[in-house]
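Just so you know, these numbers use all the heavy atoms, side chains as well, and skip hydrogens, waters and symmetry mates.
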Amino acid sequence: SEHHQHAGADITLDPKVATAGEEQPFMVHVMIKDDMLAGADVQLEIFQDGAEKHEWVKLEEADAGMYKGVHTFAESGAYNVQVHVTKGHDIHEHVMETVNIK
């Protein structure tokens, strides 16, 4: 899996592939300076290039720094999934990933 560094945050989205029409579980790991980030608000913003409609999925904290949720993609193609992580006024991070839907 790919890791992205942004202002001290390490945000990882799994998986990067899914099947259209099937409920897909997602897991996001968030670390700040080698510590798992607990108690954050983590959401996925899901959309395709050129699409006006963006879908939002709020993730639940499964464990410290581990957030999970599910989404069903209506059709196949490449989707942009932007992971938004916020906590208080100090932390607002986001990273863009591409998820390929078969």
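Contact detail for Ala64 and Met36: the closest heavy-atom pair is O-CB, 3.4 Å. The two residues Pro15 and Pro25 make their nearest non-hydrogen contact at CD-O, 3.4 Å. Residues Thr19 and Ile101 share a closest heavy-atom pair of C-CG2, 3.9 Å.
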For residues 65-78, dump all side-chain donor-acceptor pairs below 3.5 Å to protein atoms at least two apart in sequence or in another chain.
unit_1 : atom_1 : unit_2 : atom_2 : d
Tyr67  : OH     : Leu37  : O      : 2.6
Tyr67  : OH     : Gly39  : N      : 3.3
Tyr67  : OH     : Ala40  : N      : 3.0

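Under the side-chain hydrogen bond (donor to acceptor under 3.5 Å, both in side chains) criterion, Asn100 pairs with no residue at all, not counting sequence neighbours. Judged as a salt bridge (charged side-chain N to carboxylate O under 4.0 Å, His left out), and not counting sequence neighbours, the contacts of Lys58 are Asp41.
A distance of 9.0 Å separates CE of Met27 from CG of Asp14, quoted to the nearest 0.5 Å. The distance from the CD1 atom of Ile91 to the OG1 atom of Thr86 is 9.0 Å, given to the nearest 0.5 Å. Atom-to-atom distance recorded for His84:NE2 and Glu93:CD is 12.0 Å, nearest 0.5 angstrom. A distance of 13.0 Å separates CD of Gln43 from NE2 of His94, quoted to the nearest 0.5 Å. Atom-to-atom distance recorded for Glu45:CD and Glu55:CD is 11.0 Å, nearest 0.5 angstrom. For the atom pair Glu97 CD and Ile11 CD1, the distance stands at 9.0 Å (nearest 0.5 Å).
In this structure, the side chains of Leu13 and Leu44 come closer than 4.5 Å at one or more pairs of heavy atoms.
Transitive grouping of hydrophobic side chains (ILVMFWY, heavy atoms separated by less than 4.5 Å) brings Val57 and Val28 into a common cluster.
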